[in-house]
Amino acid sequence: MEEGCIDQAAPPAADVHARLTAQDGNMQAIIAKNGSETPEPVKAQVKGSLPSWLQGTLLRNGPGLFSVGDSEYNHWFDGLSLIHSFTFSNGEVTYRSKYLKSNTYKRNIKADKIVVSEFGTMVYPDPCKNIFSRAMTHFRNIIPDFTDNNLINIIRYGQDYYASSEVNYINQIDPDTLETVGRANYRNHIALNLATAHPHYDREGNTYNMGTAIIGLGQPKYVIFKVPAEASDKDHRKLALGKVQQLCSVPFRSTLFPSYFHSFGMTDNYIVFVEQPFKLDVIKLATAYFRGLNWGNCLKFDKDDVTLFHVINKKTGKAESVRFYGDALVVFHHINAYEEDGHVVFDIITYKDSNLYDMFYLHNIRQETSSFIETNKEFSQPVCQRFVLPLSVQKESPKGTNLVTLTDTTAQAVMQEDGSIYCRPDTLFIGLELPGINYNFNSRKYRYFYGSRIEWSPHPNKIAKVDIITRTHMEWQQENCYPSEPVFVAFPGAEEEDDGVILSSIVSSDPNISPFLLVLNAKTFEETARASIPAPVHIDLHGLFIPAAD
């Protein structure tokens, strides 16, 4: 088809496979090729009608440089960060992009080769260096000082914006010019080695995030912290992190095997933390350099373990004493969480195993479509699941009884003989990732979520809107086009949850289709406008919409 379309039902798997070759084109080559900067803003050609109220900038982040000199990264998540901006002003759209000028970027470019280790690529010292220099390099890697290549998301602390990944470094950027302002180190302000790139923001503008203290920072623990909305000074001379507040900590259930986590949930009163059996092997991490392992090799999924669900009061910092648990799963993204009638409800995207990361090794991505399908035929599909945790658990509650009293879900929480609660989820949807909602409904009961359809490949070719109440969905797709994570922007003052637009950056394997910024009516999922970009645009990961100042 030539234009986007709405599709209420997913096609049979056989139909999907039958049209793979035609749709995929040379996307495998596109996703892993080096991107290029567009440092000065260029004006897009708008087709359709942009809403007059849509004023602001969509910032996007993702890997964009996969080789430096003659050296090449092993994994897609290793690529050097490329920041994109799409600015909406008075019916026009301008685009620009710049590489994040991190210390990692500068060191690699100066050396004309990759000299800083990443998630899937371990770098070793030049054998021509003297023995003392090599010895010091080996010693430093006992406790790794991670890269500052912040390629995952854009986050806000106070009034400052940062490119972020999951390490102790973040890089502040100017959202207007995309210039890299400077690097910040969480460890200078709070004791942690890792932090998520998916914080939460409350209605007052405070930012909540989670991190992990692993090595050399006292008792190993998960750390929950808050940066107040007013943390930035008027002249932006002091880092907002200077006013960080640690709310509480949660000890590891296994000291040497902390749970990996990419995001977490938040309600009005609680933090929801999923301590999954996808774990970081601390001993492996400390010896990875000597064993010839990359950091990705230090993560392991224990299919025989259970998943723990922690519910932590934001005000008191205390966790619910009841042990909530479920079957082994892997989760990267939370969709939303809220409280209802004495329950905490949270929706996450789960996998049966941790094979998703393996799909993104560049040698895997660059395979022809048929080979890719054969190699990854055991790929665990993402499943959107709802868990419900009853908070008013009594010791005398009958054993074997489902304690969930909500009537709009089949999720269960069953009292066990030892007083723990075994949780079974309600499946909302199968085959969706990179979820987003109307963030005005974050921490509130909600009806809709949006995301990228994942049916056969790590690079999606559809966007979906899921209705939780009716359990139906709508889709947008266009032949040979690959959308980024959909971002919802609400109509100012809107009361209805889906009154707004969906923004998604689109790239194509068809050389006749320019990259474009897609604007969908979030209610109908019909195309409102597209802004064709007269410059290269690289596929990315996550982003943030910043409304224009009044």
*asked:* Measuring only between side-chain heavy atoms, which start at C-beta, is Leu299 closer than 4.5 Å to Phe278?
replied: yes

*asked:* Ring centroids only, cut at 6.0 angstrom: are Phe257 and Phe252 within range, meaning strictly under it?
replied: no

_Under a plain distance cut-off of 3.5 Å, with no hydrogens placed, do Thr307 and Gln276 share a side-chain donor-acceptor pair?_
no

*asked:* Please check: side-chain N/O of Asn171 versus main-chain N/O of Asp148, any donor-acceptor pairing under 3.5 Å?
replied: yes

*asked:* Checking side-chain polar atoms at under 3.5 Å, does Ser85 have a donor or acceptor matched by the opposite partner on Thr57?
replied: no

_On a heavy-atom basis, which atom in Val227 and which in Gly158 lie closest, and how many Å separate them?_
CG1-N, 4.2 Å

*Strictly by modelled atom types, are His198 and His542 linked by a side-chain donor-acceptor pair under 3.5 Å?*
yes

_Thr267 and Ser443: side chain donor to acceptor below 3.5 Å_ = no

*Looking only at non-hydrogen atoms, find the nearest pair between Leu54 and Leu503 and report the distance.*
CD2-CD2, 4.2 Å

*How far apart are the closest heavy atoms of Ile506 and Trp476, and which atoms are they?*
CD1-CZ3, 4.1 Å

_Below 30° counts as parallel, above 60° as perpendicular, anything between as tilted: where do the rings of His84 and Phe86 land?_
parallel

*Can Thr350 and Gln385 be counted as having a side-chain donor-acceptor contact under 3.5 angstrom?*
yes

*Examine Tyr439 together with Phe488 and report whether their ring centres are nearer than 6.0 Å.*
no

*Is it true that Lys101 and Glu37 have a side-chain N and a carboxylate O under 4.0 angstrom from each other?*
yes

_Does the structure place the NZ or CZ of Lys314 under 6.0 Å from the centre of the six-membered ring of Tyr208, at an angle of no more than 45° from the ring's axis?_
yes

_My understanding is that only residues two or more places apart in sequence, or in another chain, count here; which of them pass salt bridge (charged side-chain N to carboxylate O under 4.0 Å, His left out) with Asp305?_
Arg253, Lys279

*Look only at the side chain of Asp540 and the backbone of Pro63, and say whether a donor-acceptor pair between them is shorter than 3.5 Å.*
no

*asked:* Could you check whether His473 and Phe525 have their ring centres less than 6.0 Å apart?
replied: no

_Modelled atom types, side-chain donor and acceptor of Asn34 and Ser67, under 3.5 Å_ = yes

*Do side-chain atoms of Asp302 reach the backbone of Pro277 as a donor and acceptor pair under 3.5 angstrom?*
no

*asked:* Check the orientation of Phe346 and Phe387. Use parallel for under 30°, tilted for 30 to 60°, and perpendicular for over 60°.
replied: parallel

*asked:* Using only atom types and a distance under 3.5 Å, with no angle test, would you say the side chain of Ser505 pairs donor to acceptor with the backbone of Leu517?
replied: no

*Mark yes or no for whether Asn294, through its side chain, and Asn297, through its backbone, hold a donor-acceptor pair below 3.5 Å.*
yes

*asked:* Tell me every residue that passes salt bridge (charged side-chain N to carboxylate O under 4.0 Å, His left out) with Arg203, counting only those two or more places apart in sequence or in another chain.
replied: Asp268

*Taking C-beta and beyond as the side chain, do Asn438 and Asp498 meet within less than 4.5 Å on heavy atoms?*
no

_Is the terminal nitrogen or CZ of Arg444 (NZ for Lys, CZ for Arg) located under 6.0 angstrom from the six-membered ring centre of Phe441 and within 45° of that ring's axis?_
yes

*Okay, side chain of Tyr95, backbone of Ala531: is any donor-acceptor separation there less than 3.5 Å?*
no

_Interatomic spacing from CD1 in Ile154 to OG in Ser164 - rounded to 0.5 Å_ = 7.0 Å

*asked:* With a 3.5 Å distance limit and no angle check, can you tell me whether Thr94 reaches the backbone of Pro41 through a side-chain donor-acceptor pair?
replied: no

*If you measure from the Lys or Arg side-chain nitrogens to the Asp or Glu carboxylate oxygens, is any gap between Glu72 and Arg366 under 4.0 Å?*
yes

*Calculate, to the nearest 0.5 Å, the distance between atoms OG and CG belonging to Ser354 and Leu329 respectively.*
12.0 Å

*Backbone of Val274 reached by a side-chain donor or acceptor of His334 within 3.5 Å*: no

*Ile463 and Arg453: which non-hydrogen atoms are nearest, and at how many Å?*
C-CG, 4.5 Å

*For Gln381 and Ile430, indicate whether the former's side chain and the latter's backbone hold a donor-acceptor pair under 3.5 Å.*
no

*Would you confirm whether the ring centroid of Phe264 sits within less than 6.0 angstrom of the ring centroid of Phe273?*
no

*With sequence neighbours left out, what residues match Arg386 under salt bridge (charged side-chain N to carboxylate O under 4.0 Å, His left out)?*
Asp347

*Can you see which heavy atom on Ile173 is nearest to which on Leu100, and at what distance?*
CG2-CD1, 3.7 Å

*List the atom of Ala522, the atom of Lys465, and the distance in Å for their closest heavy-atom pair.*
O-NZ, 2.8 Å

_Tell me every residue that passes salt bridge (charged side-chain N to carboxylate O under 4.0 Å, His left out) with Glu485, counting only those two or more places apart in sequence or in another chain._
Arg60

*Listed partners of Asn206 passing side chain to side chain donor-acceptor pair (under 3.5 Å), at least two apart*: Asp202

*For Tyr222 and Glu275, does a side-chain donor sit closer than 3.5 Å to a side-chain acceptor?*
yes

_Closer than 3.5 angstrom, by distance alone: can the side chain of Ser532 be matched with the main-chain N or O of Ser514 as a donor-acceptor pair?_
no

Side chains of residues 75-82: which donor-acceptor partners sit under 3.5 Å, not counting sequence neighbours?
unit_1, atom_1, unit_2, atom_2, d
His75, ND1, Phe77, N, 3.0
His75, NE2, Tyr357, O, 2.8
Trp76, NE1, Ile31, O, 2.9
Asp78, OD1, Phe119, N, 3.2
Asp78, OD1, Gly120, N, 2.8
Asp78, OD2, His75, N, 3.3
Asp78, OD2, Gly120, N, 3.3
Asp78, OD2, Thr121, N, 3.3
Asp78, OD2, Thr121, OG1, 2.6
Ser81, OG, Asn61, OD1, 2.8
Ser81, OG, Asn150, O, 3.3

*On the ring face of Tyr169, is Arg183 found with NZ or CZ under 6.0 Å from the centre and within 45° of the axis?*
yes

